[in-house]
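Working notes, structure below.
Note that the structure is predicted; figures quoted are calculated from it, not measured. Atoms within a ligand are numbered from 1 in the order they appear, just like the ligands themselves.
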Amino acid sequence: MINLILFGPPGSGKGTQAAKLVEQFQLIHISTGDLFRYEMSHNTPLGEQAKAYMAKGELVPDSVTIGMLRNKVESHPDAAGFIFDGFPRTIPQAQALDELLEEKGTRVTGLFALHVDDEEIVQRIKLRGLSSGRADDNNESIIRNRINVYKNETSPVFDYYAEQGKSQSINGIGEIEEIFERLSEAIAQLH
Ligand code: ADP
């Protein structure tokens, strides 16, 4: 199995690149942000739990997020592998992912962090907000809060996997195709 983590701040292009990687490598794409938005749009109890945190740009509690992720992974017993997008976002989430994959006799293959500076992120998310309909994309102070949460709570996950020799940084500035090339090349080195 190949299990990739697409890492990086909000608006760094994880979702865009994940969609392209899925085509190339036939992996299952799991975006926890998309899963929460699906639950919210269907007014499920899980959606209700996530709503207030997402609206403020805070992280949904680990217990909720980890349970949802586990269910999703277990619903694809025959997958050739996964692309995790927006997960893990905390060290406990990373530990839970490692445990889950170990139970399945596999592991994280590599983590790729897309690097984009703060001002570019704010501009990209505001632009996305014009069409995404996401409340958290339409307010600059919420966008900046998400960037801070990324720095404080999420960026340690890069170091966690770096200790396992699995983390790599990718320049996330440029054309979508160009960034995809950088990622594909880095992934090809894994084999
Ligand atoms: P972005 O990467 O642009 O911030 P996402 O769709 O990945 O967008 O996430 C949107 C929101 O969903 C986050 O701000 C957070 O509230 C919630 N969320 C997504 N993934 C996680 C996670 N792994 N842990 C906790 N909260 C999450």
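Backbone and side-chain nitrogen or oxygen atoms of Pro10 are examined, and none is located within less than 3.5 angstrom of a nitrogen or oxygen of ligand 1. For ligand 1, one of its N or O atoms has an N or O atom of Arg128 under 3.5 Å away. Between Asp136 and ligand 1, no pair of N/O atoms sits closer than 3.5 Å. Residue Leu59 has no N or O atom closer than 3.5 Å to an N or O atom of ligand 1. Residue-to-ligand polar distances place Glu58 within reach of ligand 1: an N/O pair is separated by less than 3.5 Å. Residue-to-ligand polar distances keep Ser31 apart from ligand 1: every N/O pair is separated by 3.5 Å or more.
Residue contacts with ligand 1: Lys14 is included, with a non-hydrogen atom under 4.0 Å away.
Atom numbering of ligand 1 starts at 1 in the shown order; those under 4.0 Å from a heavy atom of Thr65 are 22 (C), 23 (N), 24 (N), 25 (C). Using a 4.0 Å cut-off to heavy atoms of Thr32, the atoms of ligand 1 that qualify are 19 (C), 20 (N), 21 (C), 22 (C), 23 (N). Heavy-atom contacts of Phe87 reach the following atoms of ligand 1: 23 (N) (cutoff under 4.0 Å). Heavy-atom proximity to Gly33, at under 4.0 Å, picks out these atoms of ligand 1: 5 (P), 6 (O), 9 (O), 19 (C), 20 (N). Those atoms of ligand 1 that come under 4.0 Å of a heavy atom in Gly11, given as number and element, are 3 (O).
The proximity of Arg134 to ligand 1, defined as any non-hydrogen pair under 4.0 Å, is limited to the side chain. Counting heavy atoms under 4.0 Å from ligand 1, residue Val60 touches it through both backbone and side chain.
Atom 14 (O) of ligand 1 has its nearest heavy-atom neighbour, among Arg146, Lys51, Lys56, Met40, in Arg146.
Scanning the protein heavy atoms around atom 11 (C) of ligand 1, the nearest turns out to be Met54 CE, 3.7 Å. Scanning all protein heavy atoms for the shortest distance to atom 27 (C) of ligand 1 gives Phe36 CE1, 3.8 Å. Closest to atom 24 (N) of ligand 1, if we only count protein heavy atoms, is Gln93 NE2, 2.9 Å. Given atom 13 (C) of ligand 1, the protein heavy atom at minimum distance is Arg89 NH2, 4.0 Å.
Rounded to the nearest 0.5 angstrom, Ile83 CD1 and Ile187 CD1 are separated by 6.5 Å. Rounding to the nearest 0.5 Å places CD of Glu119 at 7.5 Å from CD1 of Ile147. Note that NZ of Lys20 is 9.0 Å distant from CD of Glu181, once rounded to the nearest 0.5 Å.
Residue Leu97 comes nearest to Pro88 through the heavy atom pair CD2-CD, 4.0 Å, listed as atom of the first residue, atom of the second, then distance.
With hydrogens and angles disregarded, a donor-acceptor distance shorter than 3.5 Å links the side chain of Asn3 to the backbone of Arg107.
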Worked verdict on Gln49 versus Met68 for side-chain contact (heavy atoms from CB on, under 4.5 Å): CA-CA 12 Å; Gln49 275 178 292; Met68 177 179 73; over 6 Å; no

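The pair Glu58-Lys51 fails the salt-bridge criterion, with no side-chain N (NZ, NE, NH1 or NH2) lying under 4.0 Å from an Asp/Glu carboxylate O. A salt bridge does not link Asp136 with Arg128: none of the charged nitrogens is closer than 4.0 Å to a carboxylate oxygen. A salt bridge links Asp118 with Lys151: the distance from a Lys NZ or Arg NE/NH1/NH2 to an Asp or Glu carboxylate oxygen falls below 4.0 Å. Under a 4.0 Å N-O distance rule, the pair Lys126/Glu140 qualifies as a salt bridge. Contact check on Lys104 versus Glu74 returns no salt bridge, with no Lys/Arg side-chain nitrogen under 4.0 Å from an Asp/Glu carboxylate oxygen.
In summary, the aromatic rings of Tyr150 and Phe7 are positioned with their centroids under 6.0 Å apart.
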